[in-house]
Structures are given as structure tokens and as C-alpha cells.
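Heads up: the structure comes next, in C-alpha cells.
For ligands, and for the atoms within them, numbers begin at 1 and follow the listed sequence. Along the sequence shown, residues are numbered consecutively beginning with 1.
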Amino acid sequence: MVFDRLKPLPPLPTTGTTRRRGYTVDTMVAFAAAVVLTYLYVTVIRAAQSQTLLPWTFSPLPVGSVLPKGWILGEMQTMAEGLAGHEHDFYVYVNESRWLYPQGEGGVDYSDLNEALPYWFNGLVPLAYLLDDARLKGQVHSVAETVLSLQTEDGWLGPEKPEGRNFWARAPMFLGLTQLVEANSTWEEPVIGALRKFMGLANKMLHNNGEGHAICPPAFECYWGQTRAHDLIISIQWLLEKYPSSQDTLLWDNMDMLYGLSKYKWVDFYQPGVYPRVVADPTTSNPQFPYLHGVNAGQGLKASAVVRRFSHDESLVEASMRAVNWTFQYHGAPSGTILGDEIERDLAPYMGSELCTAVETGYSLAYLYHALGTNYYADRAELVIYNAMPVMMTGDMWAHQYMDQPNGPWATFNKKDITQPNGPYLFTTAHSGAATTFGLEPQYPCCTVNHPQGYPKFVTHSWGLVGDNGLAHILLGPSKVETSFATIECDTAYPFDNTLTYTITSDKGFDLFVRVPSWYDPDKSSIGGRVSALQPDAETGLHKISIPSGTITATVTYKIGATIRTEPRANNTVAVYYGNLLYALDVGFTNESSYPHAYYESQGPGLDYLPFPQARDYYVSWSKPWSVAIDPSTLQYFGMGQDAALPKPIFEYGAPPTYISVQGCEIAWALHLGAAPGLVPANRTCVGEKNTYKLIPYGSAKVHMSELPTVSF
Ligand SMILES: *[C@@H]1O[C@H](CO)[C@@H](O)[C@H](O)[C@H]1NC(C)=O
Ligand SMILES: *[C@@H]1O[C@H](CO)[C@@H](O)[C@H](O)[C@H]1NC(C)=O
Ligand SMILES: *[C@@H]1O[C@H](CO)[C@@H](O)[C@H](O)[C@H]1NC(C)=O
Ligand SMILES: *[C@@H]1O[C@H](CO)[C@@H](O)[C@H](O)[C@H]1NC(C)=O
Ligand SMILES: *[C@@H]1O[C@H](CO)[C@@H](O)[C@H](O)[C@H]1NC(C)=O
Ligand SMILES: *[C@@H]1O[C@H](CO)[C@@H](O)[C@H](O)[C@H]1NC(C)=O
């Protein structure tokens, strides 16, 4: 255990903005040096090190051991009945993916990265198995069978280009395949066999000057695989951990090379003097672009924790905390996601965040808690999945946004020809104009295929093992967990209500741990009916309850006391929370809709031939005032009644039963480039009467204001 993880971080320098790294060195020389250093590292240092992976702090359970219950089951069923569960029926980047055709014999994809089917598969495998949905299981089995059957003689999996191969899209495909093996052992033999064959080929390619990773056609695409190398390393570690074999030395060699040959190492980015608090050049020509891309940043949060498992470098514990802390301090949204539009810039409340960023951030934070056990990560994993993710989908989950903004009172077609002095500037509402609309594939298809992993991975990671004989509830919510020593059901409306009831079935003695969120109020919290009895570990937040042997069934009630919290945001504004839910100003909801549009043709009549009329594009707008300043001293929370049931779907506008009331007034507020509410005005003079306003759970407030200016009455 490292005890100094929470010590204050070194401050960032206070002068200057983006200090560029020294990219002026001849890249060929740098590359050659990297290769030499990597081999030295592999041959000399590695030989002296024992080839063991550092253990998880709390081992994740295999897919299928933790199942959703209650409202989150309802959400996942809605997902299965919505877009995610029907992409295989009609969405051409899935049903006609290049992965499903022999090399060069057809198939389509939205980019040469060929990531659409892998993204879909990575989310649909756990969705199908956690719901035990025969239709969806049939789809993932058929895709797995086809993909494995098309493995080339030499071991490659998936499409390739005549100019060469690129590892990246294998990462999400392998994450899907390993989840399939965990959920269903019938797939063990074919999947492990195919992965081993692939890893043999990968070893030869990496030894061949880093083919497919350090050299990949066209060259610019290398950075995707390099910034995301750890996602491939996760599957290698899974093989080492679950299926040790004579191939292990080769697998270690692959890990070393995948990491060593990456020009982009996240630990190098999160360094004082390197990490930009404000990004002066938020364009692709910024040499830091691969790190600044919002989705990469979300995926990269876990990178150092993955690397630490094989490098045994304990300094990566603090590096991980620094990465998460700085990311959210300088580029975080109140909803728990990362502001990156699509490049990180600053904290302006009109900055957008991709739906892909929310789900990847959720997975990274869950991984970080399992790997390192620091409570902060688990709080933030809940925050992003309970707020940032659901706000970006319609209640029925047939339509989603590409970009959400902390202050986004409308999500309408909003094309602006926005060009900044330093070149085209990727602002949410620019480009196709469709980025904030809800639809089939607004702006770009990646989030259509990547969003389904959000809830299923969250549920799988919601419990973890503590040693051999302990079980911890990590990400709180309604769920059922089954291990060799206990079955536990947790019934709760959390995070809408903060009481959790555990029903435990076990004949062996074991330790149950419940995680205590950092925002809990000790005086209002209780365990087993005893107020102030919670004794959470300072690092992990876990409170231990010993379940004696001979117990057949037991019930434990855990109440987490909460109070309204406000967090200061830029320019004298606040974000309002109760428990782990963010509350946003209710600006109402009106919508118009059309046939869904192809991402490359966001205007015009749309696609009228799709077999599912539920697939539509929605243009959503406010119907109540949005330019409101609030008096935080008047905030008042209204919880759900004792027996209130949560509707399905819960994140529909108007569905959640909880809300907060507050006194406020309208103020004058200018727009940014005519497209979205601008920076929050300093002048807080009321332009109307003082009124009572309502704040509602952010996930249900499809259009909203969440960074609210303050006034004092
Ligand atoms: C980052 O850490 C500092 C203390 O080192 C803390 O004050 C701050 O709230 C943290 N930021 C976030 C976003 O958690
Ligand atoms: C894929 O879906 C489209 C409908 O969007 C359909 O026209 C096509 O036939 C499907 N392809 C296959 C191989 O099923
Ligand atoms: C496991 O996979 C096999 C092969 O696809 C399938 O026949 C079987 O029904 C699956 N088992 C479960 C429990 O889904
Ligand atoms: C805060 O306001 C100042 C002055 O209007 C502005 O320069 C700055 O960018 C604002 N910061 C944010 C994060 O909105
Ligand atoms: C759009 O509005 C109509 C009624 O005007 C409503 O029936 C429908 O549910 C709304 N769509 C969404 C996605 O909320
Ligand atoms: C502040 O806003 C009010 C209302 O719009 C306006 O009348 C007043 O002139 C503004 N004050 C300043 C100093 O700009």
C-alpha cells in the first residue's frame, strides 16, 4: 500500500499557457533512440525482473458474475430495445463491416481505422450476456464466429489495407472477445487459440521496426494506436493472468514493445511544464493533439495504471492521480466528463464533450479503482456514468448526441462558419452543424458504435474481490453479484435515493465491504441502523462488515447521508450536486424531428429507407428561461417518497422524481459566436422578477444549464 497518494500535487507553473514539448528534434533520430532504448530495456532490465504482473487492488469479477437490477436493468433493457440493440439489424458499419468479409471482398467502414465493428462488439458482448438476451447473444456469436473464421494464415485478425496493417482496432475487438470468454467458456478454445496466433504475428511485426504500431499506413494514423496502446496491453495481461502458457515470454515482449515503441506515453504528458491548463492552439496541428483529443484523454487516464502492472514502476501510482486530477481540474465538466471539442482547450461552458469520451472516461476510472483502490476514482466513475453519459441519449436510447455542452439550452441544427485566426477551429456547433443534435450518427458515427459499452462495463466493475474472502460494492447501484462464497443482491434507487439494502446468501464466513463516497455526511449516514457507525478506510473508502460463517441469509441496510453541495466553476458560477447526481436548471423541452441523416449529409430530407422508424434525428430546444442566475443560499432538495418507484426509462426528460428548488432571476447573457450561451456574464443585474426555479437531474435534462451564475438576494 502506498499511503502518500493523496498528498498535494505539485502545482503547475503559473506563467505562460501551452509550453510545447521539444518536437523540433529530428524525429528519425528520436525514433532510432527509442528503438535502441526499448531493446536495452527489454533485454537487460527485463531479464533481471521477475515476470509477474502487479496484482489488482480489487480484482474485477468475470463478465456475468455481476448483473444489473432495478433502474439500471431498465436502462440496459432500453438500450437493448433501442439503437444499440438494433445496430446489427440495419446499421451498415456493423451489419456490413469490413470485418465480416474476406480480405478485399467488400464491406464498408466509416474510416480506414476499421473500428466500428470492434466498438460495437466490445459493448454488445456484455450487454447481451448481462441481460441474457438470446437475440443479442445470437448476434455477437455470429460476429465472433465470422471474425475468427476470417483470421489469415499468418494470424492477422480483421481487415487490412494494401499498404499495410495497423493494430489499433484490434484493441476493442479483443476486449470484446475476452469478455465473451469470461461470460461463456464455450468460446475459450477458439478465442484463446486465435489470440495466441495473433500475438505470435504481432511479435514478428513489432520486431520488424514496429510494423503496425510505430510504422503504419498512412503514417498519421499511428498516434491512435500509440496513445491507446494500453487498451491492447489489457488483453495481453488478461491472457497472462487467466491463461498462463509457454507463450508468456513472447507476450511480455509484446507488452514491452507496444509501450516502448509508442511515441505518446501519457506519463510524459502529465508533467509540470508540459501539461497545458489552457490550450492556445486547439487544432490538429498542435504537436500535443494526440493527447488533447477528448476521447484519447478519456482512454489515457488508465494508461499509467495498466503500464504499472508490468513495469512495476510505483511512481505511476502518483502519475495516475496527477493525470486524473489535472484533467478534471483544467479540462473537466461538472458532469464528470472531459471538455474536448474535440480537442481540450479550457473550461468555457460552451465547450463540448463527445459521448465516446464519457463512456471511455467511465471505463478508465472504474479500471483505476480496481487497479489502485483510491476512492476518488470510484466517485468519479459514478459521476460520469450517472450524469455525462445519459444526458447525451434520448430516454428511449434510439438517438444520441455527438457533443454535449455544460451550458447547452438548445440542441438544434446550428451550422456556423466559424474560423479562428489560427485556422479552422473545431467548435461544437461548427462543421456539420449537427454535433449537439440527437440522432443516429450526428457529426460522426464513432459514438453510435462506441456508446453501448457504458452501462455494461460499469455494472461488471461495480463489485470487486478483496483478497480471497472479501467482496466489495465499489460502484454503487442496484445489482446482484455471485461468487463461489456468496450471492448478494443490492436493492436501491441509488443515486436517486441513497439507501442500499443488501440481501446476502452464504454459508461461509466472508467480509462484505461497502464503498463510502467521499461526499457522505457521517452524521446522517448509518449501517445496520447504527448512525455514525461507518468507518471507511481513508484510502479506499471501504467499510467492512464481517458476515459470520453459518449465516444462511442476512440483510444489511446502508444509508448514505447527503447534503446539497455546490462546486465553484469558472467565473463565479456553481455546479449543484446532491449525492452523486448533478442538478441542472430545468429549461424545459421541445423537439422537432426528421428522418435520420447520414453524418456526411447532415441537411436535406434524411434517410427514408431504414427499417426502424424509431431511428430519427431530434432537434431539441428550451421552453423555459435559460439565462438565470441563482442564489445558492436558497437551494432546497426534494427527494423521492418512501415507496416511489423509478419509471423506465429513468433518464427521460421529466422522469426522475427528485429535484432541487432555488431562488433566482434572469440576467442579460450574450451568445458565443451566435451559437451557444457565451462565457457567464460578470454583470448579475436582474432583468426580471425574482422567481423560484427548478433544478433536475442532469441526465434527464437533455437541454440544460449546469454552470450557473450566482446572485445574492
Ligand atoms: C486536485 O487536487 C487538489 C489537491 O492537490 C484538489 O484541491 C483539487 O480539488 C483536485 N481537483 C479535482 C478536480 O479533483
Ligand atoms: C444491412 O442493413 C441494411 C439496412 O440499413 C440492409 O439494406 C442490408 O441488406 C443489410 N445487410 C446485410 C448483409 O444484412
Ligand atoms: C455459449 O456459446 C455457445 C456458442 O455460441 C452457445 O451455443 C451457447 O448457447 C452459449 N451459452 C450461453 C449460456 O449463452
Ligand atoms: C472567465 O472570464 C474571463 C473574462 O471574461 C475570461 O477571459 C475567461 O476566459 C473566463 N473563463 C472561463 C473558463 O470561462
Ligand atoms: C418529441 O416531442 C413529442 C411530442 O411533441 C414527444 O411525443 C416525443 O416523445 C418527443 N421526442 C423525444 C425524443 O423526446
Ligand atoms: C448590467 O446589466 C444591466 C441590465 O442589463 C444594465 O442595465 C447595466 O447597465 C449593466 N451594468 C454594467 C456596468 O454594464
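- Taking every non-hydrogen atom of Glu96 and a distance limit under 4.0 Å, the qualifying atoms of ligand 2 come out as 1 (C), 8 (C), 9 (O), 10 (C), 11 (N), 12 (C), 13 (C).
- Aromatic ring orientation, Trp266 versus Tyr270: parallel (interplanar angle below 30°, classes split at 30° and 60°).
- For ligand 2, the atoms closer than 4.0 angstrom to any heavy atom of Phe90 are 2 (O), 3 (C), 4 (C), 5 (O).
- Cation-pi geometry between Arg380 and Phe328 is met: under 6.0 angstrom from the ring centre, within 45 degrees of the axis.
- Of the candidates Val687, Ile667, Asn683, it is Asn683 that places a heavy atom closest to atom 6 (C) of ligand 6.
- Ligand 1 has an N or O atom lying under 3.5 Å from an N or O atom of Asn325, backbone or side chain.
- Residues Trp519 and Tyr577 keep their aromatic ring centres 6.0 Å or farther apart.
- Within the set Asn95, Val108, Leu100, Val92, the minimum heavy-atom distance to atom 12 (C) of ligand 2 is found for Asn95.
- Of all atoms in ligand 1, listed by their number and element, those nearer than 4.0 Å to a heavy atom of Tyr376 are 12 (C), 13 (C), 14 (O).
- Between Tyr275 and Phe269, the two ring planes are perpendicular [angle over 60°; tilted spans 30° to 60°].
- Not a single donor-acceptor pair under 3.5 Å links the side chain of Ser462 to the backbone N or O of Ile474.
- Here is the list of ligand 1 atoms found below 4.0 Å of a heavy atom in Gln329: 1 (C), 8 (C), 10 (C), 11 (N), 13 (C).
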Determine, stepwise, if the pair Phe58 / His370 fulfils ring pair (Phe, Tyr, Trp, His ring centres under 6.0 Å).
CA-CA 5 Å; Phe58 305 114; His370 281 271; 7.4 Å; no
